[in-house]
Amino acid sequence: MKTSYNSYYWFALFALCFIAYQQIIDNIRPHYIGDNLTIKYLLGIAPNFLPAIGIPALFVILIPQMKWTSKWFNENKHITANIISLTGIISWEFIQSTSTKLHFDWNDILWTFIGALIFQIIWILTPGIYKEK
């Protein structure tokens with residue numbers, strides 16, 4: 001597997017989102033004792049928002065390695081990555097609605113789509129050298 005500098009760029013975005021996600025889940029949310037509703041809301045939607053940005057960044061690296069014969073998948077790997085990510089995260093949110101221990105929230109779905117949109121904006125603003133195979 002040939003590694004290029006663009007892989008490091010996208011992996012860094014994934015790692016940043018993953019680390020932020022873990023910190024919020026493990027350290028910040030359980031220890032937040034304030035009454036600020038905005039902070040509570042942001043801590044509630046972050047576990048959907050951050051993966052919606054980070055997971056497509058990982059798939060942008062993985063999709064070219066799959067050697068799909070379809071040229072479209074490789075040329076539009078950012079769209080393919082976003083669709084795969086959105087499908088997984090939103091499916092997980094709906095699975096939570098059938099559980100008694102997990103919590104389904106429409107705000108999580110909204111912020112998943114916003115995170116996917118942010119990923120697309122990052123893709124558009126990223127220099128072309130980081131978008132190559």
Side-chain angles (χ1 to χ4, degrees):
M1 175 164 78
K2 180 183 169 190
T3 304
S4 60
Y5 290 110
N6 70 338
S7 296
Y8 295 125
Y9 176 84
W10 295 110
F11 189 75
L13 178 60
F14 166 75
L16 180 67
C17 289
F18 179 77
I19 291 167
Y21 167 86
Q22 282 303 126
Q23 287 300 314
I24 288 170
I25 292 293
D26 293 341
N27 297 320
I28 300 170
R29 273 176 38 165
H31 298 107
Y32 180 71
I33 56 172
D35 291 331
N36 188 318
L37 295 178
T38 303
I39 292 175
K40 286 182 179 181
Y41 180 78
L42 293 174
L43 291 175
I45 57 94
N48 286 71
F49 176 70
L50 292 169
I53 298 170
I55 293 172
L58 182 62
F59 277 117
V60 162
I61 299 168
L62 296 177
I63 288 171
Q65 306 305 321
M66 294 181 191
K67 308 286 188 228
W68 284 336
T69 57
S70 175
K71 186 177 175 184
W72 189 90
F73 285 113
N74 285 324
E75 288 177 354
N76 299 297
K77 60 188 170 190
H78 62 291
I79 296 171
T80 306
N82 230 345
I83 291 170
I84 294 168
S85 174
L86 277 170
T87 302
I89 296 169
I90 291 173
S91 296
W92 174 248
E93 191 65 32
F94 279 107
I95 288 170
Q96 291 182 48
S97 69
T98 64
S99 171
T100 57
K101 294 182 181 183
L102 301 173
H103 179 69
F104 173 83
D105 187 0
W106 284 105
N107 286 312
D108 290 344
I109 292 175
L110 171 67
W111 283 93
T112 299
F113 279 108
I114 293 171
L117 179 63
I118 298 293
F119 173 78
Q120 288 301 120
I121 291 170
I122 291 170
W123 179 268
I124 291 167
L125 297 176
T126 297
I129 193 167
Y130 295 115
K131 298 177 187 177
E132 299 171 0
K133 281 188 182 178

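Predicted model, so just to flag it, every value in this text is computed and none were measured.
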Distance-minimising heavy-atom pair for [X] and [Y]:
X	Y	value
S85	A52	OG-CA, 4.2 Å
A57	F119	N-CE1, 3.6 Å
G34	K40	O-CE, 3.2 Å
A46	I24	CB-CD1, 3.6 Å
P64	K77	CG-CD, 3.8 Å
R29	P47	NH1-CG, 3.1 Å

Quick one: are [X] and [Y] in side-chain contact, heavy atoms under 4.5 Å?
X	Y	answer
W92	D108	no
T112	E93	no
W123	W10	yes
I114	I45	no
F11	L58	yes
N107	Y41	yes
F59	N82	no
I118	F49	yes

Listed pairs under 3.5 Å, donor-acceptor, residues 15-23 side chains, sequence neighbours left out:
from	atom 1	to	atom 2	distance (Å)
Q22	NE2	D26	OD2	2.9
Q23	OE1	N27	ND2	2.7

Straight-line distance of [X] [atom1] to [Y] [atom2], nearest 0.5 Å:
X	Y	atom1	atom2	result
Y9	I61	OH	CD1	11.5 Å
I55	I89	CD1	CD1	4.0 Å
I79	L86	CD1	CG	12.0 Å
W106	I109	CH2	CD1	4.5 Å
Y32	L43	OH	CG	7.5 Å

Without swapping roles, check the side chain of [X] against the backbone of [Y] for a donor-acceptor pair under 3.5 Å.
X	Y	value
T80	N76	yes
K131	T126	yes
T98	I95	yes

Verify same cluster id: [X], [Y] (apolar side-chain graph, 4.5 Å):
X	Y	value
I25	I53	yes
I129	L13	yes
L50	I122	yes
L110	I90	no
I83	I121	no

Is the number of heavy atoms from other residues, nucleotides or ligands within 6.0 Å of CG (L125) greater than 12?
->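 More than 12 within 6.0 Å, yes.
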